[in-house]
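To keep things clear, I will list the structure first and then write my remarks on it.
By convention here, the first residue in the shown sequence is residue 1.
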Amino acid sequence: QVQLVESGGGLVQAGGSLRLSCAASGRTFSTLTMGWFRQAPGKEREAVAAIGVSGVKTYYADSAKGRFTISRANAVKTVYLQMTNLYPADTAVYYCAAGSFSNSGGQYDYWGQGTQVTVSS
């Protein structure tokens, strides 16, 4: 079992930055792919970024490329999302997720409770 707790959300002006953190419990963190998702009011949840178990492989949604950076620290069981040059369109609840993936597929099995990010214009 893995529990995920996000932190670092808040209110920021457009153009500003925030760093989200997701702390995991359990002994399997280093074997899990970690992802960040977000859901804005009235919209479906969308993937923002993901990072592989070693931290080498990363994925970014087009909306995040060049502005967001995902990283992980396996020693402290934490994944981060550094967000810069934020837009009002980035306003959403941001969720951390963990899962196991292989060449044949996989899924995110564990989810955090979410942290609100609000970007004012």
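Without hydrogens or angle criteria, Q39 side chain to E44 main chain gives no donor-acceptor distance under 3.5 Å. Between the side chain of E6 and the main chain of Q113, a donor-acceptor pair closer than 3.5 Å is present. Judged by distance alone, with hydrogens and angles left aside, the side-chain atoms of T91 form no donor-acceptor pair with the main-chain N or O of T118 at under 3.5 Å. Checking side-chain atoms of N74 against main-chain N and O of V53 turns up a donor-acceptor pair under 3.5 Å. Although no hydrogens or angles enter the test, the distance criterion places no donor-acceptor pair under 3.5 Å between the side chain of S25 and the main chain of V2. The backbone N or O of A40 lies less than 3.5 Å from no partner atom in the side chain of R45, so there is not a single donor-acceptor pair.
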Show the atom names and distances, to 0.1 Å, of all donor-acceptor pairs under 3.5 Å that link a side chain in residues 10-17 to residues at least two apart or in another chain.
none

query: Step by step, would you call M83 with Y94 a side chain to side chain contact (heavy atoms under 4.5 Å, CB included)?
result: CA-CA 12 Å; M83 305 186 293; Y94 283 70; 3.8 Å; yes
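Between F37 and W111, the distance separating the two ring centers is shorter than 6.0 angstrom.
Considering CD of Q1 and OG1 of T28, their distance stands at 9.5 Å, rounded to 0.5 Å. To the nearest 0.5 Å, atom CG of residue L32 and atom OH of residue Y108 are 10.5 Å apart. The OH atom of Y60 sits 6.5 Å away from the CD1 atom of I51 when rounded to the nearest 0.5 Å. Rounded to the nearest 0.5 Å, atoms OG (S100) and CD (Q107) are 9.0 Å apart. The line from CG of L4 to NZ of K77 is 11.5 Å long, rounded to the nearest 0.5 Å. Here OG of S54 is found 8.0 Å from CZ of R72. Values are rounded to the nearest 0.5 Å.
Between Y87 and V119, the closest side-chain pair of non-hydrogen atoms is not below 4.5 Å.
Nearest heavy-atom pair across F29 and V79 is CZ-N, 4.2 Å. In plain terms, the two heavy atoms of R67 and L86 that are nearest each other are NH1-CA, 3.8 Å. A pairwise comparison of heavy atoms in T78 and V76 identifies OG1-O, 2.9 Å as the closest pair. In plain terms, the two heavy atoms of M34 and I70 that are nearest each other are O-CD1, 4.0 Å. Nearest heavy atoms, W36 versus L20: CH2-CB, 3.6 Å. The two residues L81 and F68 have their closest heavy-atom pair at CD1-CB, 4.1 Å.
Around atom CD of Q116, more than 12 heavy atoms belonging to other residues, nucleotides or ligands sit under 6.0 Å away.
For the pairing with R38, the side-chain contact (heavy atoms from CB on, under 4.5 Å) check across V117, T115, D90 returns one residue only, D90.
A cation-pi arrangement, defined by a distance under 6.0 Å to the six-membered ring centre and an angle within 45 degrees of its axis, is present between R19 and Y80.
Hydrophobic clustering (ILVMFWY, side-chain heavy atoms < 4.5 Å, transitive): F101 and Y95 are in one cluster.
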